[in-house]
Structures are given as structure tokens and as C-alpha cells.
2 protein chains.
Amino acid sequence: MDRTRDFLDDLSSMFRALGDSTRLGIVLGLMDGERCVSDLASSLDISESSASHHLRNLRQLRLVKRRRDGKKLFYSLDDHHVYLILTIGLEHQAHKDKEES
Amino acid sequence: MDRTRDFLDDLSSMFRALGDSTRLGIVLGLMDGERCVSDLASSLDISESSASHHLRNLRQLRLVKRRRDGKKLFYSLDDHHVYLILTIGLEHQAHKDKEES
DNA sequence: TATACATATGATTATATGTTCAAGTGTCTA
DNA sequence: TAGACACTTGAACATATAATCATATGTATA
């Protein structure tokens, strides 16, 4: 009955999902709007299979959602919080980079 | 010369650091203020060695900082962005939990 | 300065995770 | 309805990572 543990596990899973540079590239690529798999794969220079695996991971954690249009599946960020977390992460990183120079 | 890649690697490293439930427990435990290693270790029910390893990881990424007072080392969050990211993460998770019920 | 305390570090090992490849599913169009 | 497209899935493998244990370091105090 340890909800604290589950909560920690769930939240850390979300951060872990963003903790892979390929997946992070994907979600950052979705900040401007929806994209289909082949588009993401080619712009990130990864295989469609790899993109698909990562998108599955992100979708299971409800970080992204998708809709079908014909043969294509368009992915987008699922929730405003995801956008916020990414924005602050970007700020944090920019701030660190500035300090280092 | 690929700064984009480095930027992605650095940012994903930060998220990855928060993507382990033990480390996440540590930083959440620091949201209320500084704590020493033995204190963190006992409250999270982990060994001091494990706590120390994780704190080292977090410190290398500049997510936490420390100060010495006598024999003890007091750790705290390094930067306001870290606090913000955690806050939004907590909100996101609470929001998801609510939807699920 | 010897001892205890608080923490750090390095090596080892077991597990988790990302990538790849081959095969499968769903959708459109000729 | 056959073929092409767009994507998904599962298995296999290689690498990354966390936990543990033994040892080392830094600090206070008797």
C-alpha cells in the first residue's frame, strides 16, 4: 500500500524518458507542433524503427499522443506540463552554458 | 563542432539524473532545505554509500551543491531551475493520478 | 596523535536499456 | 485485391547503470 513509492517510480519514469538524448530530441522536435514518424526519424537521423520504439515509450508514459491521418501517424506533446518541463530544462541548460563561458 | 549534440547530451543527462527513483527521492528531500548524507540515507532507507554515490552524480551535474559543517556535509539544491522542474514534475504527476482515478 | 565519526571512492556484479534487424499490421491506391 | 507505404513489434545483443562491499579520506576530540 505504499503510494509514495509508486509516485516516485512514476515520476522518475517520466524523467528517465526525457533522459535519453534521442527521446529528448524527439520531444523537443514536437515543441513546435505535431510531426509524423518518418519526419522525426529523418530529421534526427535515426531509423524509423528506433523512432517508433522511443515514441512507444513516450506514449506509454503519456508524454506524447498521436492521431492518424491516412497512412501517417502524427505525434504531439500530450500535456502542457511536458512543454513546461522542457522549457525550464532548456532555460536551466542555457543558464549553465552561460556560466561556463 | 556539433553544439546541438552536446546540448542534447547535457540536458538529457540532467533528466536522466532525475530519472532514478532513489536520486529523485534525494532531490525531493532537498526541496525543503539542506540535509546531510546520513540523514538522507536513513530517511530514504538506503546505505550511506549509495547516497554518496548518487549525490556525487547529482553534484557533477550541478543539480545539488554542498557545504561542510564539521564532520558533516550538507547538501542542497544547486539552482532555482531544479526546484522549478521538480515542482512542475510533481504537478504533472498529480494531474495524471487525478485523471486515472 | 590515536580514535571515532561522517562521508567518499573504486571495483565488482547484476540488471536495465537502446539499437538493430526481420517480420508483422494497418491504410491507401492502381 | 495486389502492391506500396508508413509504421509497429519482438527478439537478440551490446552497453550503461545502480547496488554492494571493502577501503580510503577528512574532521573533531580525548
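Every chain is numbered from 1 and lettered A, B, ... according to where its sequence line falls, protein lines coming before strand lines.
- Under the 4.5 Å side-chain heavy-atom criterion for grouping Ile, Leu, Val, Met, Phe, Trp and Tyr, B:Tyr83 is not connected to B:Phe74 through any hydrophobic cluster.
- For A:Arg5, the CZ atom is loosely surrounded, since the number of other residues' heavy atoms within 6.0 Å does not exceed 12.
- Note that CG of B:Leu73 is 11.5 Å distant from CG of B:Leu40, once rounded to the nearest 0.5 Å.
- Note on A:Arg56: every side-chain N or O is 4.0 Å or more away from OP1 and OP2 of D:dT8.
- With rounding to the nearest 0.5 angstrom, the CZ atom of B:Arg66 is 12.5 Å from the CG atom of B:Leu58.
- Distance CG/A:Leu30 to CD/A:Glu34: 9.5 Å, rounded to 0.5 Å.
- Using modelled atom types, no side-chain atom of B:Asp69 and backbone atom of B:Lys72 make a donor-acceptor pair closer than 3.5 Å.
- Taking the six-membered ring where the residue is Trp, A:Phe15 and B:Phe15 present parallel rings, their angle staying beneath 30° rather than reaching 60°.
- Of the residues in residues 26-44 of chain B, none lies under 4.0 Å from DNA chain D by heavy-atom distance.
- Distances shorter than 4.0 Å separate none of the side-chain N or O atoms of A:Tyr75 from OP1 or OP2 on D:dA6.
- Once you apply a 4.0 Å limit to the heavy atoms of chain A, the touched nucleotides of DNA chain C run 5' to 3' over C:dT17 to C:dC28.
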Checklist entry - When every nucleotide of nucleotides 15-28 of chain D is labelled 5' to 3' by its protein contacts under 4.0 Å (heavy atoms), B for base, S for sugar-phosphate only, - for none, what sequence of letters results? => result --SSSBBB---SBS
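- Donor-acceptor pairing under 3.5 Å is recorded for the side chains of A:Arg35 and A:Ser43.
- B:Arg66 comes within 4.0 angstrom of the backbone, heavy atoms only, and of no base.
- Residue A:Phe74 is out of contact with every strand shown, counting any heavy-atom pair closer than 4.0 Å.
- Taking CG of B:Leu86 as the reference point, atom CG of B:Leu77 lies at 6.5 Å (rounded to 0.5 Å).
- A side-chain contact (heavy atoms from CB on, under 4.5 Å) with B:Gln93 is found for one member of B:Lys96, B:Glu91, B:His95 and no other, namely B:Lys96.
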